[in-house]
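The analysis underlying the following values was restricted to heavy atoms, covering all of them including side chains, and did not include hydrogens, waters or symmetry mates.
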Amino acid sequence: MPPWGAALALLLAALALLALRLRRPSRRAVGARTRPGARSEDHGEVDGGGPAGQLSDGREPLPGGCRLICKPSALAQCLLRALRRSAALEPGPLPWLSGPHLQTLCHFVLPVGPGSELAREYLQLADDGLVALDWVVGPGARGRRATNAGGLPAVLLVIPNAWGRLTRNVLDLCLLALERGYYPVIFHRRGHHGCPLVSPRLQPFGDPSDLKEAITYIRFRHPAAPLFAVSEGSGSALLLSYLGECGSSSYVTGAACISPVLRCREWFEAGLPWPYERGFLLHQKIALSRYATALEDTVDTGKLFRSRSLREFEETLFCHTKSYPISWDTYWDHNDPLRDVDEAAVPVLCICSADDPVCGPPSHFLPTELFHSNPYFFLLLSRHGGHCGFLRQEPLPAWSHDVILEYFRALTDFFRMEERMKGLSKRRASFLAGRRRWGTLPKREVSPSSSLEEIFSWKRSYTR
């Protein structure tokens, strides 16, 4: 770990001790997050009168106090059956682990465990920039088994948070996926996690152009393997933007988001509780300090490193540029992750917690109308878990990891069954057509399978 990393870890640890002593701030304490008639986040029971309990119909109870919120469909029923059988939702966290601040800070502060073996590739982009792909090659590759009917292991693309910190939970997810037969690969943005910044251009919050090129390269390397994608926290903006822009032409089979930030502009403008705001801001300043000279021609680095909030930092870095300044409104017109959400044609599971101290209460940060109206989006809402924590008894990894891999398995089974039904329908239609051609049927009959669209209320739409 570099010296600044140790200093940052010590600072975050000190903030953790302080955060555990603080009462959770009310919504009125964070300004723009307060809305008339909104309840305090202190009533955060999923099945009670708190924000999670105030969500409208379409909820399905699950083990461990979790709820699945989605639009009814055949795929939703398949996912619901898989989650009800899941052992990952059964055991709750130990009492001392249930606090949201502890769950969150353990996720961000604890050092990455030893033993993971990464093989790095640098991908040169169309504008000569560089992104990094870390392929997780060990340990745990022994006994690799196929994860799909075609006999090829699926590729699991993992997108870390937007701050560029590789967390313990991300590597734990990759190692668990490796044991279960996936090829995990971690995507790092320009200038993040040791990836050199070779041009004075960073990736905006919701611009998926670099991710598109990385996914195209992964598809080139593994043309026949299914591709699944998982994003962590603020990194979900990148994945959701990609799915919305690509629509049905996306190479991704299924996606999952852990504690996604969905209303990003409001999230920046409202600000975070100050321990998290200062910690994330300090991490970004330290990461970019090594490129201060290279960035002087494009941004006001003095103002950038004097920023006192995440919004001011983001606005200085991407809006107040010297070559092409834009307004804050224009920036979010191009970077809101939900701007093209109606075009998404890939199932997405969002795992969120009712006590998330970084995003806020579900009544504020979750656009529940999206999950009730869009058949591709599913929300798994739990009582506890903090932000990207979802910890349980050691040495087990976060329970969200098991749920995500079970969800991908359910998707694979569902698509396989759908293809079988389509093949059966075609064979029956061909058989009946042959009988009619030879006059063996006295009158026209309708095959029961001809109403397949009515049986499967969910189907993949092709929008582009």
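Taking 4.0 Å as the cut-off between side-chain N and carboxylate O, Arg308 and Glu312 do not count as a salt-bridged pair.
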Using a 3.5 Å cut-off and no angle test, enumerate the donor-acceptor pairs between side-chain atoms of residues 206-214 and protein atoms at least two apart in sequence or in another chain.
unit_1: Asp207; atom_1: OD1; unit_2: Ser209; atom_2: N; d: 3.2
unit_1: Asp207; atom_1: OD1; unit_2: Ser209; atom_2: OG; d: 3.2
unit_1: Asp207; atom_1: OD2; unit_2: Arg201; atom_2: NH2; d: 3.2
unit_1: Asp207; atom_1: OD2; unit_2: Ser209; atom_2: OG; d: 3.3
unit_1: Asp210; atom_1: OD1; unit_2: Arg190; atom_2: NH2; d: 3.0
unit_1: Asp210; atom_1: OD2; unit_2: Arg190; atom_2: NE; d: 2.6
unit_1: Asp210; atom_1: OD2; unit_2: Arg190; atom_2: NH2; d: 3.4
unit_1: Lys212; atom_1: NZ; unit_2: Glu245; atom_2: OE1; d: 2.8
unit_1: Glu213; atom_1: OE1; unit_2: Ala126; atom_2: N; d: 3.1

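Considering Asp355, Asp356, Asn161 as possible partners of His387, the one that fulfils the side chain to side chain donor-acceptor pair (under 3.5 Å) test is Asp356.
In this structure, Leu62 and Leu380 have side chains that are in contact, with non-hydrogen atoms separated by less than 4.5 Å. Under the 4.5 Å side-chain criterion, counting only non-hydrogen atoms from C-beta, Leu243 is in contact with Val252. With a 4.5 Å cut-off on side-chain heavy atoms, Pro226 and Thr412 do not count as touching. At least one side-chain heavy atom of Leu288 sits under 4.5 Å from a side-chain heavy atom of Leu317. A heavy-atom distance below 4.5 Å is found between the side chains of Val358 and Trp267. The closest side-chain heavy-atom distance from Asp134 to Arg120 is below 4.5 Å. When side chains are defined from C-beta on, Ser199 does not count as touching Asp128, because their heavy atoms never get closer than 4.5 Å.
Between the side chain of Ser241 and the backbone N or O of Leu238, no donor-acceptor pair lies under 3.5 Å. The closest donor-acceptor contact from the side chain of His401 to the backbone of Asn169 lies under 3.5 Å. Remark: the backbone N or O of Phe318 is not paired with any side-chain donor or acceptor of Thr321 at under 3.5 angstrom. Put simply, the side chain of Glu121 never gets that close to the backbone of Leu133: no donor and acceptor are under 3.5 Å apart. The backbone N or O of Cys174 lies less than 3.5 Å from no partner atom in the side chain of Tyr182, so there is not a single donor-acceptor pair. Between the side chain of Asn374 and the backbone N or O of Leu370, no donor-acceptor pair lies under 3.5 Å.
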**Request:** Given ring-ring contact (aromatic ring centres under 6.0 Å, His included), test Phe268 with Phe205 step by step and report yes or no.
**Result:** CA-CA 11 Å; Phe268 272 98; Phe205 196 78; 5.2 Å; yes
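Of all non-hydrogen atoms in Leu130 and Gln124, the two that sit nearest each other are CD2-CA, 3.7 Å. Closest of all the heavy-atom pairs between Phe365 and Ser353 is CZ-O, 4.0 Å. The minimum heavy-atom distance between Ser307 and Thr316, with the atom names listed, is OG-OG1, 4.2 Å. Heavy-atom minimum distance, Glu296 versus Thr301: CG-OG1, 3.7 Å. For the pair His101 and Pro357, the tightest heavy-atom approach, listed with the atom from each and the gap, is CE1-CB, 3.8 Å. Here the closest heavy-atom approach between residue Cys195 and residue Ala132 is recorded as SG-N, 3.7 Å.
Remark: aromatic rings of His222 and Trp135 are close, center separation under 6.0 Å.
Rounding to the nearest 0.5 Å places CZ of Phe378 at 10.5 Å from CG of Leu80. Phe390 CZ to Cys352 SG: the interatomic distance, rounded to the nearest 0.5 Å, is 6.5 Å. With values rounded to the nearest 0.5 angstrom, Tyr217 atom OH is found 12.5 Å from Leu125 atom CG. Distance NE2/His372 to CZ/Phe377: 14.5 Å, rounded to 0.5 Å. The structure places CG of Leu366 at 10.0 Å from NE2 of His364, a figure rounded to the nearest 0.5 Å. Atoms CD1 and CH2, on Ile351 and Trp399 in that order, are 6.0 Å from each other to the nearest 0.5 Å.
Side chains of Asp300 and His320: a donor-acceptor N/O pair is absent below 3.5 angstrom, by distance only.
Residue pairs meeting the salt bridge (charged side-chain N to carboxylate O under 4.0 Å, His left out) criterion with at least one member in residues 358-382, sequence neighbours excluded: Arg263-Glu369.
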